[in-house]
Amino acid sequence: MTSFSVDEKGFYGSFGGAFIPEMLYPNVEELRLKYLDIINEPSFQKEWRDLLKDYVGRPTPLYLAKRLSEKYNTTVYLKREDLCHTGAHKVNNTLGQILLAKRLGKTRIIAETGAGQHGVATATACALMGMQCIIYMGEVDIERQAPNVQRMKLLGAEVRSATCGSKTLKDATNEAMRDWISNPEDTHYIIGSVVGPHPFPDLVARFQSIISEEIIKQLTEKTGKPDPDYVIACVGGGSNAAGAFYHYYDRSAVQLIAVEAAGHGLHSGFSAATTALGKPGVLHGSRTLLMQTEDGQIVEPHSISAGLDYPGIGPVHAHLFASGRAKFFSITDQEALNGVKTLSRLEGIIPALESAHAIAVLDYLKPEKHEIVVVNLSGRGDKDMNTYMKHEAFFNS
Ligand SMILES: *Cc1c(COP(=O)(O)O)cnc(C)c1O
C-alpha cells in the first residue's frame, strides 16, 4: 500500500470512485468484490506470468541507448514495451483481464476501441483463450483505422459499429456499457487503460505494474541501484505510465515524468493536454481531470497520436498531478515527430507516435550528465507508418 494506491472506496485522493448508472452496479460490484482474491491467487499469477514470458516475450529488455544518451549528455535506458507481442504494452492488461474473466465464469468478452490498438490486444487475448469477442468502435474510427479493423476480424472478433453522436470512442463506450448492462451474467468488459469506474483503474495498473517490477530488477543488475533519477512515460489514459511508475510511487528520489499531447499547441484549441487545460469532472465512471467547457461539456481532444487523443486521464494521474508527485509536460505533434526521427536515426528504433512524446520531453527535461533516465517506450511505430509517410519531406531531410 502506498499513498498512491487506491483506497477501499476506490479513490486516489479526491479522484476515482465509481459513478455509474444503477443498472451497471451488479456487474461492477461483482468485479470489485472478487478481483483482488482472484488475481492474487498463486495459480492465477503463475498462468499470467507464464503467458507474459512465453507468449508476450517478457521480460522486455531495458536497453542502454548509447547514441541517444550522447545526444542529451546523460544516461538513457529504454524500457522496450515496443517488443511485446502485438507491438505495445496493452497486451499485459488484456491477458490479465481475460484470465480474470475465465475465473469469474464469463464466456463472452466486450471492449471498446478508438484507434483499434486495444481492440487488437483484446481480440488477441480472446483468440488465445477461445473466447467470444465483440469490439465496439465508432463508425468514423472504423473507416480511419481500417488495418486494425482487419486485424481484429482476422483474429476472430466481431467489430460492431457505433453510429450515434460523433461516431467515435465515446459513442463506442456507450454501446459497450449498454451491452454489459444487458449481459451481466456471461460477459466481461475489458477496459484498456487506467480509466473507468473502480476497480478498473486499480486492476489495469496492477497488470501493467509488471513494467516497473522489471525495471527495478534490470536496473539493479545494470547499475547496482534500483532507482533511476527519472522515469518518463506518455499518458493517454495512463496505463503504460501507471505501470512504469507503480513500484516507484514511494521512492521519492525518483522523479516521475508524465507526458501529455499538446497537439497543435497548448492554446490552439487542438490538444489533449488534460492536466494543463482540464478541470475536475466525471468521465467514464470516475472523477478525474478532463477537458471541458465552462458548462461542463467535454471538449473534443486532438493529438497526432490516436492513443493520446483522449479528453481525460486516469484518476491516479489526476492525483499524481494534484499532489505534485509526478510532473506533467506536454509535447506538440511536431515535437513528437522530431522524437520519432531522433530515435529512428540514433538507435534504429522506430517508435509509436505516443512513445515519441516521451522521447521528445528530453529536450525540456535536460537531465544532468550523472543522472539516469528510464523512458518507457510504450510501443513500436509500424501502426503509424501511414502518418509518417504523410510527413515524408520531414523524414527524408
Ligand atoms: C494505447 C497506447 C498508449 C496510450 O495508452 P495509455 O493507457 O496511456 O498507456 C501509449 N502508447 C501506445 C503505443 C499505445 O498503443
Side-chain angles (χ1 to χ4, degrees), residues 60 78-94 96-97 111-122 124 141 145 147-148 151 169 190-196 200-201 203-212 231-246 256-261 272-275 284 286 288-289 301 303-318 320-321 326 328 330-331 336 339-340 343 349-361 375-385 387:
T60 58
L78 302 177
K79 182 58 174 162
R80 300 289 310 275
E81 294 302 293
D82 61 314
L83 294 178
C84 288
H85 175 49
T86 71
H89 65 290
K90 286 190 172 75
V91 71
N92 303 326
N93 168 51
T94 57
Q97 286 203 48
E112 94 280 336
T113 194
Q117 293 303 109
H118 174 56
V120 170
T122 301
T124 299
D141 289 334
Q145 311 290 343
N148 275 339
R151 284 188 186 103
L169 181 63
I190 298 190
I191 288 185
S193 189
V194 287
V195 300
F200 280 104
L203 177 62
V204 176
R206 283 170 188 264
F207 290 139
Q208 294 296 356
S209 74
I210 188 74
I211 298 173
S212 48
V231 179
I232 305 176
C234 65
V235 175
S239 68
N240 85 89
F245 295 169
Y246 196 90
L256 308 178
I257 308 294
V259 187
E260 296 181 318
T274 306
T275 58
H284 298 155
S286 71
T288 187
L289 290 171
S303 168
I304 193 172
S305 76
L308 304 186
D309 198 354
Y310 183 69
I313 44 170
V316 69
H317 293 291
L320 287 166
F321 173 74
F328 282 69
S330 59
I331 289 295
V340 172
L343 197 66
I349 298 170
I350 301 174
L353 266 168
E354 293 84 358
S355 321
H357 287 70
I359 297 291
V361 86
V375 179
N376 196 42
L377 201 68
S378 56
R380 61 175 170 248
D382 307 35
K383 70 180 178 60
D384 295 314
M385 280 314 295
T387 308

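Read the numbers this way: they start at 1 and go in the same order the structure lists the ligands and their atoms.
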Only heavy atoms of [X], strictly under 4.0 Å: list the atoms of ligand 1 that pass.
| X | value |
| --- | --- |
| Ser239 | 6 (P), 7 (O), 8 (O), 9 (O) |
| Gly379 | 13 (C) |
| Gly307 | 4 (C) |
| Ala352 | 13 (C) |
| Lys90 | 1 (C), 2 (C), 3 (C), 14 (C), 15 (O) |
| Cys234 | 10 (C) |
| Gly236 | 8 (O) |

Options Ser193, Gly243, Ala306, ranked by nearest heavy atom to atom 7 (O) of ligand 1, top entry: Ser193

Distance from atom 12 (C) of ligand 1 to nearest protein heavy atom, with residue and atom: Ser378 OG, 3.5 Å

Do any nitrogen or oxygen atoms of [X] lie less than 3.5 angstrom from nitrogen or oxygen atoms of ligand 1?
| X | answer |
| --- | --- |
| Ala88 | no |
| Gln117 | no |
| Glu354 | no |

Distance-only polar pair, side chains of Gln208 and Asn93, donor-acceptor under 3.5 Å: no

Donor on one side chain, acceptor on other, Asn240 and Glu354, under 3.5 Å: no

Parallel, tilted or perpendicular, as decided by the 30° and 60° cut-offs, for the rings of His284 and Tyr310: tilted

Which atom names give the shortest non-hydrogen contact between [X] and [Y], and what distance separates them?
| X | Y | value |
| --- | --- | --- |
| Phe200 | Val195 | CB-O, 3.5 Å |
| Glu81 | Ser378 | CB-O, 3.6 Å |
| Ala272 | Ser303 | CB-CB, 4.5 Å |
| Gly192 | His118 | CA-CE1, 3.2 Å |
| Ala306 | Gln145 | CB-NE2, 4.5 Å |

Greater than 12 external heavy atoms within 6.0 Å of Ile349's CD1: yes

Sub-4.0 Å heavy-atom approach of His89 to ligand 1: yes

